[in-house]
There are 2 protein chains.
Amino acid sequence: MSLPQPVSDLTAHLGFWLRIVSNHVSQAFAAKLAAREVTVAEWSLMRVLYGREPMAPSRLAEEMGLTRGAITRLADRLIAKSLILREASAADGRAQTLALTDRGSALVPHLAALADRNDAEFFDDLSLAERETLERLLKSLAQRSHMSATPIA
Amino acid sequence: MSLPQPVSDLTAHLGFWLRIVSNHVSQAFAAKLAAREVTVAEWSLMRVLYGREPMAPSRLAEEMGLTRGAITRLADRLIAKSLILREASAADGRAQTLALTDRGSALVPHLAALADRNDAEFFDDLSLAERETLERLLKSLAQRSHMSATPIA
DNA sequence: TGCATTCAGTTGACTAGGAAATTATATCCG
DNA sequence: CGGATATAATTTCCTAGTCAACTGAATGCA
């Protein structure tokens, strides 16, 4: 039975700290959205639809970084809450379109305000310069690795 | 039917960029671990046990930020892979302890090397100064909001 | 002592996502 | 034209969490 060899500490990784902070910010946001009975994924889909033409599920899947199967079910939930509508495409018998209902559209600004508030809550006591630096570094990392897609999970 | 009022852009939020980058880093790590047939949660549990005394599931739950139910199931999977052992506590008839098997213990350094490599892959083309800044900002955010617990999700 | 309460862990019901199979429609081309 | 192939969405099955109910053991106090 050999003694364990030393391995790098978890906290040595930037990825570790990134995940801690990101998870906390997201969970705090989820808690705020819960007051409106909306999940982060639901908010995200609604935000993509907001102010745009009715959109194919496949396009939403692409923009949100989810599978089409996930979009089908997410849409089902939002339809059940009367926040979006699904309609068959006139042009293509296979295609569907998703669009916000009036109720859904009216809700988005309120949810956006929660997003603003959540961001402020975590980042407002960084200095302006620090916030700018953080944003610059994150965007540069995102660009380098060709990260796209609205992140959900 | 009213026109949608302008709402803040998604990409205006630091939380958005944080989540994008964090998700990508985590997914890349998950892909590396998959080669060893281990998930991020499994790695995380093994890393907590590594080099320590057998530990109660409830303690792991606390350190990892998961429920006890989640630990029960996560432990079941690791036991099925012969990476950890579950034993009844001698002192307390309700209690169990979890510990790495020799096989599990031997695997940890290899997984830690994957973690090192993953972190390097994403962050090594930031300058040293930039990495230090990012680490400082993330740690300061974590501290301010009393974030603890190994993040999994 | 003995019964209520607390505590550790597990389990069942549920949520939410992915991968792959499935269904229905559209397109391409011989 | 009509069959092969491609495409859009959905569905099925699987994984992995949560919450809350449950089981059995320990504790506490009348």
Side-chain angles (χ1 to χ4, degrees), chain A residues 19 23-24 26-27 29-31 33-34 37-46 54-81 84-99 149-153, chain B residues 19 23-24 26-31 33-34 37-46 54-81 83-99 149-153:
Chain A
R19 206 154 78 246
N23 286 174
H24 274 80
S26 292
Q27 282 181 225
F29 184 39
L33 288 176
E37 301 192 315
V38 168
T39 67
V40 175
E42 287 165 6
W43 146 255
S44 186
L45 189 153
M46 292 174 69
M55 191 179 293
S58 51
R59 173 122 189 237
L60 276 158
E62 200 181 323
E63 292 200 19
M64 296 176 63
L66 294 179
T67 62
R68 280 171 302 163
I71 296 294
T72 296
R73 285 178 293 242
L74 186 47
D76 287 346
R77 296 195 290 274
L78 283 163
I79 290 164
K81 294 182 192 174
I84 68 168
L85 284 174
R86 176 156 39 205
E87 277 183 356
S89 156
D92 186 330
R94 297 165 301 182
Q96 304 283 324
T97 66
L98 299 174
T150 311
I152 312 297
Chain B
R19 208 155 75 245
N23 286 174
H24 274 80
S26 293
Q27 281 179 225
F29 183 38
L33 288 176
E37 301 192 314
V38 168
T39 67
V40 175
E42 287 164 6
W43 145 254
S44 186
L45 190 154
M46 292 175 70
M55 190 177 294
S58 50
R59 172 124 189 233
L60 277 158
E62 201 181 323
E63 293 200 19
M64 296 176 63
L66 294 178
T67 61
R68 280 170 305 161
I71 297 293
T72 297
R73 283 163 196 169
L74 185 47
D76 286 345
R77 279 176 251 138
L78 283 163
I79 290 164
K81 294 182 191 173
L83 293 171
I84 68 169
L85 284 174
R86 176 155 40 204
E87 278 182 355
S89 155
D92 185 331
R94 298 165 302 182
Q96 305 282 324
T97 65
L98 299 174
T150 311
I152 311 297

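Throughout, a chain's letter reflects where its sequence line sits, starting with A, and its residues are numbered from 1. Just so you know, these numbers come straight off a predicted model, no measurement behind them. The basis for the numbers below is simple: all heavy atoms, side chains too, and nothing from hydrogens, waters or symmetry mates.
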Quiz item: Could you walk me through whether A:L60 and A:L45 pass the side-chain contact (heavy atoms from CB on, under 4.5 Å) check?
Solution: CA-CA 7 Å; A:L60 276 158; A:L45 189 153; 4.1 Å; yes
Exercise. Give the minimum heavy-atom separation between B:W43 and B:V38, together with the two atoms involved.
Key: N-CG1, 3.6 Å
Quiz item: For A:S89, which contact category applies under a 4.0 Å heavy-atom criterion: base, sugar-phosphate, or nothing?
Solution: nothing
Practice problem: Apply side-chain contact (heavy atoms from CB on, under 4.5 Å) to B:L74 and B:M64, showing your working. | Solution: CA-CA 12 Å; B:L74 185 47; B:M64 296 176 63; 3.9 Å; yes
Quiz item: Relative to the 5' end of DNA chain D, which residue comes earlier, A:G69 or A:A95, by the nucleotide with the nearest heavy atom?
Solution: A:A95
Quiz prompt | Proximal nucleotide (of C:dC7, C:dA24, C:dG9) relative to the B:R94 side chain | solution = C:dC7
Quiz item: What about B:R68, does its side chain sit under 3.5 Å from the base of C:dG9 through a donor-acceptor pair?
Solution: yes
Exercise. Calculate the interatomic distance between B:R59 atom CZ and C:dG9 atom C1'; express it in whole Å.
Key: 17 Å
Quiz item: Which whole-number value in Å describes the distance from A:W43 CH2 to C:dA16 P?
Solution: 18 Å
Practice problem: Using whole Å, report how far CD of A:E62 lies from C1' of D:dT7. | Solution: 14 Å
Practice problem: Return the value, rounded to whole Å, for the distance between atom CD1 of A:I71 and atom C1' of D:dT11. | Solution: 16 Å
Quiz item: Does B:R86 place a side-chain N or O at less than 4.0 Å from the phosphate oxygens OP1/OP2 of C:dG9?
Solution: no
Quiz prompt | Separation of atom CG in B:D92 from atom C1' in D:dG24, rounded to whole Å | solution = 11 Å
Quiz item: Should B:S58 be listed as having a side-chain N or O under 4.0 Å from OP1 or OP2 of C:dG9?
Solution: yes
Self-check item: Protein-nucleotide distance (A:L60, atom CG; D:dA8, atom P), rounded to Å
Solution: 14 Å
Quiz item: What is the minimum heavy-atom distance between A:I84 and A:L98, and which atoms define it?
Solution: CD1-CD2, 4.1 Å
Quiz item: The side chain of B:Q96 lies closest to which of these nucleotides: D:dT18, C:dT10, D:dG24?
Solution: C:dT10
Quiz prompt | Integer-rounded Å distance: C:dG9 C1' and B:E87 CD | solution = 16 Å
Quiz item: Rounded to the nearest Å, what distance is computed from the CE atom of residue A:M55 to the C1' atom of nucleotide D:dA8?
Solution: 16 Å
Quiz item: When you measure from every atom of DNA chain D, which of residues 73-81 of chain A have a heavy atom less than 4.0 Å away?
Solution: A:R73
Quiz item: Looking at A:R77 and A:E42, does any basic side-chain N land under 4.0 Å from a carboxylate oxygen?
Solution: yes
Exercise. Assign A:G93 to base, sugar-phosphate, or nothing according to its heavy-atom contacts below 4.0 angstrom with the strands shown.
Key: sugar-phosphate
Exercise. Take A:V40 and A:Q27, measure what side-chain contact (heavy atoms from CB on, under 4.5 Å) needs, and give me the verdict at the end.
Key: CA-CA 9 Å; A:V40 175; A:Q27 282 181 225; over 6 Å; no
Self-check item: Passing option when A:R86 is tested against A:I79, A:L78, A:T97 for side chain to side chain contact (heavy atoms under 4.5 Å, CB included)
Solution: A:I79
Practice problem: Answer yes or no: does a side-chain N or O of A:T72 lie under 4.0 Å from OP1 or OP2 of D:dA9? | Solution: no
